[in-house]
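Everything below concerns the one structure shown next.
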Amino acid sequence: MTSSNTILETVGLTKHYGGVHALEGADFKIHAGEHVAIMGDNGAGKSTFVRQITGVERPTRGQIIFNGASVTFENPMEAREVGIETVFQSLALADELDVPDNLFLGRELVRFRLGPFSILDYKAMRQRTMEALEKTAVKIPNLKNTIRNMSGGQRQCVAIARTATFHSKLTIMDEPTAALGVQETAQVENIIRTLKQQGESLILISHNMRQVFDLVDRIVVFRRGRIVADLRKEETDPQDVVAYITGAKTGAEFQDAAA
Amino acid sequence: MATSNLHGVGDLTFDSSNRRWPNEMNVLLALILIIGIFELLGHLMMGQSFLFDTSDRSTSIFNEQRLRIIILQVSIVGIIAIGVTQVIISGGIDLSSGSVVGAAAMIAMSFAQVAEVNGNANPTLALGPWAADLPVLVPIAVALLFGLLAGIINGSLVAYTGIPPFIATLGMMVTARGIAKWWTAGRPISFPTDGYRAVGDGLMPVIIFVTLAVLFHLVLRHTVYGKHTHAIGSNEDAARMSGIKVGRHKVLVYTIAGMLAGVAAIVLSSKNLTAQAGMGVMYELDAIAMAVIGGVSLSGGRGSIIGTVLGALIFGVIISGFTFLRLDAYYQEMVKGGIIVAAVVLDQWRQRRAAWGP
Ligand SMILES: Nc1ncnc2c1ncn2[C@@H]1O[C@H](COP(=O)(O)OP(=O)(O)OP(=O)(O)O)[C@@H](O)[C@H]1O
Ligand SMILES: [Mg+2]
């Protein structure tokens with residue numbers, strides 16, 4: 001068994017798309033309150049890894065242990081229900097809906113239940129949305145705006161605020177600042193710091209070395225579908241990480257994996 | 001300054017006055033504009049008003065007879081359009097509604113006949129005496145059931161086989177028309193019971209249309225069903241990732257549309273006192289046109305019942321305006337076609353503008 005404060009662990013997690021071995025035997029671990037970065041070149045398997053642990057896809061092989069229990073998620077909703085919130089690389093927002101609608105999509109607050117015809121509680125959803133945005137200090141001009149009318153940065157903030165609205169045990173962000181300007185990036189980084197203060201665990205996928213060294217405790221490097229390094233921030237530096245990403249170097253304990 | 005309209009940390013507002021100009025207002029303006037054009041043409045060409053009552057004796061403002069014709073004319077297709085609107089918002093299309101009306105009308109009417117006409121046996125009896133003089137609930141239930149089945153089949157094909165909605169409902173369009181013709185080998189079915197006559201009598205079609213429009217307006221705006229319908233049409237993947245059971249929801253949307261076609265079949269056959277295999281031909285296109293004119297986006301996610309009702313009124317005004325000006329029916333069709341294309345072009349343009357930012 002794993003130590004009691006391990007929030008998520010994968011054992012030999014593997015995903016093949018036909019002949020493409022996108023993910024191969026990933027052993028990964030994150031503790032409660034820990035912030036871990038996943039780095040690696042394009043196509044290294046980072047998003048694939050995320051899709052396996054969030055129920056978007058079913059792994060070919062391997063085990064996922066969440067909060068001490070082995071789990072298999074049939075769909076993203078099940079992962080969410082146990083407390084894994086994800087900002088996917090493709091944002092998964094409905095363009096024609098406004099901010100509260102998107103935050104609560106699939107888990108709307110209702111005034112009374114009538115199956116699919118349950119009556120929506122717009123007021124409560126708006127209230128909770130404002131609280132969530134305040135908590136994350138996200139700037140959105142008007143909540144009634146549809147996503148379609150927002151900038152890329154604002155959209156990203158909405159997607160991130162969605163994860164912050166619901167108290168999660170583990171938040172996963174797949175390249176949350178990839179398309180953002182300087183200001184919006186700073187905003188997202190602030191949200192991540194807030195999560196850290198609140199003791200929520202985070203898996204951050206990013207190509208931004210400065211950001212990663214600013215924000216996380218540990219860096220896990222993926223290369224060609226395999227984990228090739230697991231580095232504590234204090235014990236490494238950007239050049240070292242780049243060496244692992246490019247394959248110039250492979251962690252001692254991962255030698256056979258990369259062979 | 002780009003950031004001046006942003007609220008900073010802890011300074012969020014919900015500013016309802018800052019709402020965007022609703023699209024329905026544009027449709028309403030278009031309606032008023034079109035009425036204005038017909039008023040003008042009426043004075044120029046006919047020397048009389050189109051919608052207003054100008055005679056000295058009269059006490060009313062409007063030409064009530066013409067208003068009544070306009071609303072009555074669009075009510076039945078309008079009922080279908082309420083369902084079609086939901087299908088289009090969910091990102092689909094329903095080409096089968098006109099044929100479903102035909103088939104449902106034939107089948108329902110054969111359970112709504114009287115046994116005897118003026119002391120003689122009903123000459124058009126479709127099913128034999130056992131199906132005559134039944135309570136009105138029987139044909140109503142039969143029509144709704146047929147619409148329900150057609151809708152479930154449409155929805156299941158769309159949701160679970162990956163057939164594009166256009167093709168799936170085209171199949172139903174042909175099949176349902178076939179059923180309508182096969183039911184009595186093409187013979188019309190007439191002489192409904194008094195109970196059945198009452199359903200579509202007088203202004204009943206209008207009352208039913210308006211009631212259903214209000215009901216589904218509320219459903220789309222205020223229920224989870226409505227929210228998910230918009231979400232699926234807007235971004236199906238996002239809806240799926242948010243845990244919405246997309247397939248099941250689509251079946252529900254098409255089923256509701258099918259049942260509304262069933263309602264239209266009841267009202268139409270009752271109002272006409274007869275059912276014929278050719279009933280409802282082209283209604284699906286008129287219904288789609290009403291929705292599109294009303295601002296429902298063919299690419300999904302956007303639109304409202306209010307818009308569709310306004311679209312239906314524009315439709316009715318144009319048809320009755322052409323009759324008023326004693327213009328040929330050919331022109332009607334041509335202009336109708338032009339308006340549909342214009343509405344779609346407008347929608348595309350609106351989307352492109354939105355994609356580029358204001
Ligand atoms: N659905 C799929 N079918 C087939 N191959 C896939 C599929 N999804 C991903 N792949 C492949 O798996 C590999 C890993 O892709 P993945 O998206 O996980 O990379 P990534 O590390 O997230 O890259 P990036 O930094 O560009 O986002 C790639 O070679 C990709 O082409
Ligand atoms: Mg990726």
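Keep in mind that the numbers below use all heavy atoms, side chains included, and drop hydrogens, waters and symmetry copies.
Heavy atoms of other residues, nucleotides or ligands lying less than 6.0 angstrom from CZ of R193(A) number more than 12. Counted within 6.0 Å of CZ on R113(A), heavy atoms from surrounding residues, nucleotides or ligands total 12 or fewer; the atom is thus considered open. The neighbour count for K196(A) NZ, taken as heavy atoms of other residues, nucleotides or ligands under 6.0 Å away, is above 12.
In this structure, R302(B) and E96(A) have side chains that are in contact, with non-hydrogen atoms separated by less than 4.5 Å. The side-chain heavy atoms of H228(B) and E108(A), taken from C-beta on, include a pair separated by under 4.5 Å.
There is no contact between R111(A) and chain B, counting heavy-atom distances below 4.5 Å. Of the two parts of N75(A), neither the backbone nor the side chain holds a non-hydrogen atom closer than 4.5 Å to a non-hydrogen atom of chain B. Contacts of F104(A) with chain B are absent, with no heavy-atom separation under 4.5 Å from either backbone or side chain.
Between atom CE of residue M77(A) and atom CZ of residue R240(B) there is a gap of 15.0 Å, rounded to the nearest 0.5 Å. Here the CG atom belonging to L97(A) is positioned 7.5 Å from the NE2 atom belonging to H230(B), to the nearest 0.5 angstrom. Atom CD1 of I232(B) and atom CG of L105(A) lie 9.0 Å apart (nearest 0.5 Å). Between the CG atom of N102(A) and the OG atom of S234(B) there is a distance of 7.5 Å, given to the nearest 0.5 Å.
N235(B) approaches A94(A) most closely through the heavy-atom pair CB-CA, 4.0 Å. Across every non-hydrogen atom of P76(A) and M241(B), the tightest pair is CB-O, 3.4 Å.
At a heavy-atom separation below 4.5 angstrom, chain A is approached by no residue within residues 78-91 of chain B. Residues of residues 214-224 of chain B lying under 4.5 angstrom from chain A, judged on non-hydrogen atoms, are V219(B), R221(B), H222(B), T223(B), V224(B) in numerical order.
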